[in-house]
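Just so you know, these numbers come straight off a predicted model, no measurement behind them. All residue numbers refer to positions in the sequence shown, counting from 1. These numbers come from the heavy atoms of this one structure, side chains and all, not from hydrogens, waters or symmetry mates.
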Amino acid sequence: PDFVQGPKRVSKINSSVNTITHQNRQNGGVFISEFSEGSGNNKYIEIYNGSGADIDMSDYSISSCSNGCNIENEFEYPDNVTFEPGTILIADDVFVIAHPSADDFILAQADYTGYTYFSNGDDFHALTLAGATSSDYVVIDKVGEFGADPGSGWDVAGISQGTKDH
């Protein structure tokens with residue numbers, strides 16, 4: 001798998017042979033800008049396009065694990081949100097994926113409402129390149145970590161359990 005976030009290097013991990021290689025970052029500026037886990041179905045993921053160019057969302061997907069990930073560096077649900085070709089996210093705009101039963105205020109901002117499997121705070125979600133499999137993928141950005149269930153939520157930006165009820 002590749003991990004693209006952070007510095008302008010990509011670390012590609014091949015878990016079958018335990019090697020790490022580095023590549024140039026290709027998806028700079030596209031990242032998860034908000035992750036909301038509210039009460040009931042008031043949940044959404046916002047993706048920001050700061051790349052300076054329009055992007056086709058069909059090049060991306062959302063991959064996840066329930067309650068952390070049972071197997072290190074493997075998604076339980078790879079490519080579980082995909083987008084039709086021609087779904088364009090213009091530069092400096094956001095794309096919002098919301099639960100279809102979210103509050104009308106959230107739905108008014110939503111671009112996609114076909115995803116019903118949202119977090120209860122301790123699930124791991126990642127923006128991946130389309131075509132992800134459980135063990136072969138490129139992570140662009142993520143909320144959470146591979147590995148054990150964190151309990152009630154992931155720590156985010158210094159906030160303990162920042163993905164729980166926020």
Side-chain angles (χ1 to χ4, degrees), residues 1-15 20-38 41-66 69 73-119 121 123-146 154 156-157 159 162-163 166:
D2 289 343
F3 298 90
V4 180
Q5 68 211 77
K8 298 210 181 255
R9 286 173 54 146
V10 176
S11 296
K12 180 173 176 97
I13 301 171
N14 184 332
S15 57
I20 299 176
T21 58
H22 298 284
Q23 304 170 347
N24 290 329
R25 184 174 181 173
Q26 297 175 349
N27 299 289
V30 180
F31 57 90
I32 297 171
S33 50
E34 285 187 32
F35 183 87
S36 177
E37 193 285 314
N41 291 318
N42 293 321
K43 303 168 190 315
Y44 66 88
I45 298 170
E46 178 186 89
I47 300 166
Y48 174 71
N49 177 11
S51 69
D54 296 354
I55 61 169
D56 190 330
M57 290 299 292
S58 68
D59 293 335
Y60 299 88
S61 64
I62 298 292
S63 298
S64 67
C65 292
S66 177
C69 292
N73 293 323
E74 285 197 17
F75 282 109
E76 293 172 354
Y77 308 103
D79 258 8
N80 59 353
V81 176
T82 58
F83 308 98
E84 292 295 320
T87 304
I88 304 300
L89 175 54
I90 62 174
D92 298 319
D93 200 0
V94 296
F95 190 92
V96 177
I97 302 164
H99 191 285
S101 299
D103 184 87
D104 288 342
F105 179 79
I106 295 170
L107 292 175
Q109 303 302 314
D111 298 289
Y112 180 85
T113 58
Y115 187 46
T116 58
Y117 176 74
F118 266 98
S119 176
D123 299 330
F124 171 49
H125 286 86
L127 175 63
T128 50
L129 289 183
T133 68
S134 62
S135 60
D136 186 17
Y137 51 82
V138 176
V139 172
I140 305 303
D141 198 7
K142 61 184 179 171
V143 176
E145 296 290 337
F146 283 104
W154 301 100
V156 177
I159 298 172
T163 57
H166 288 93

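Under the side chain to side chain contact (heavy atoms under 4.5 Å, CB included) criterion, Thr82 pairs with Ser61, Asp79, not counting sequence neighbours. Legend: residues meeting side chain to side chain contact (heavy atoms under 4.5 Å, CB included) with Ser66, ordered by chain and number and at least two apart, are Glu76, Tyr77, Tyr117, Asp123. Considering only residues two or more places apart in sequence or on other chains, Ser134 meets the side chain to side chain donor-acceptor pair (under 3.5 Å) condition with none of them. Partners of Tyr44 by ring pair (Phe, Tyr, Trp, His ring centres under 6.0 Å), not counting sequence neighbours: none found. Applying the side chain to side chain donor-acceptor pair (under 3.5 Å) rule to Asp93 yields no partners; only residues at least two apart in sequence or on another chain are considered. Scanning for side chain to side chain donor-acceptor pair (under 3.5 Å) contacts around Ser64 gives Asn80, with sequence neighbours left out. Legend: residues meeting side chain to side chain contact (heavy atoms under 4.5 Å, CB included) with Asp56, ordered by chain and number and at least two apart, are Ser58, Asp59, Ile88. Not counting sequence neighbours, the partners of Phe83 by the ring pair (Phe, Tyr, Trp, His ring centres under 6.0 Å) test are Phe95, Tyr112. Applying the side chain to side chain donor-acceptor pair (under 3.5 Å) criterion to Asn42, with sequence neighbours excluded, gives no partner residue.
Between Phe31 and Ile47, the closest side-chain pair of non-hydrogen atoms is not below 4.5 Å. Using a 4.5 Å heavy-atom cutoff, the side chains of Leu127 and Ile62 are in contact. With contacts defined as side-chain heavy-atom distances shorter than 4.5 Å, the pair His99/Thr116 qualifies.
Across all non-hydrogen atoms, the minimal contact from Pro78 to Ala132 is CB-O, 3.6 Å. Minimum interatomic distance between Ile32 and Ile45 (heavy atoms only, all atoms of both residues): CG2-CG2, 4.0 Å. Across all non-hydrogen atoms, the minimal contact from Ala91 to Gly52 is CB-C, 3.7 Å.
When ring centroids are compared, Phe146 and Tyr137 come within the 6.0 Å threshold.
The aromatic rings of Tyr115 and His125 stand perpendicular to each other, their planes meeting at an angle above 60°, with 30° marking the opposite boundary.
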TODO: List the steps and the verdict of side-chain contact (heavy atoms from CB on, under 4.5 Å) for Asp111 and Ile97.
DONE: CA-CA 6 Å; Asp111 298 289; Ile97 302 164; over 6 Å; no
Open item on the list: Using the rule given for side-chain contact (heavy atoms from CB on, under 4.5 Å), can you reason through Val30 versus Ile55, listing the C-alpha separation, both sets of side-chain angles and the distance that settles it, and then say yes or no?
Closed with: CA-CA 9 Å; Val30 180; Ile55 61 169; 4.0 Å; yes
Open item on the list: Applying side chain to side chain donor-acceptor pair (under 3.5 Å) to Glu46 and Ser33, what does each step give before you reach the verdict?
Closed with: CA-CA 6 Å; Glu46 178 186 89; Ser33 50; 2.6 Å; yes
TODO: Please test Val139 against Phe75 for side-chain contact (heavy atoms from CB on, under 4.5 Å), starting from the C-alpha separation and ending with a verdict.
DONE: CA-CA 11 Å; Val139 172; Phe75 282 109; 4.1 Å; yes
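Between the Asn49 side chain and the Leu89 main chain, a donor and an acceptor come within less than 3.5 Å of each other. Without hydrogens or angle criteria, Lys43 side chain to Gly38 main chain gives a donor-acceptor distance under 3.5 Å.
To the nearest 0.5 Å, the span separating OH on Tyr60 from OG on Ser63 amounts to 13.5 Å.
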Could you give the side-chain donor-acceptor pairs of residues 100-107 under 3.5 Å, partners two or more places apart or in another chain?
{"unit_1": "Asp103", "atom_1": "OD2", "unit_2": "Phe105", "atom_2": "N", "d": "2.8"}

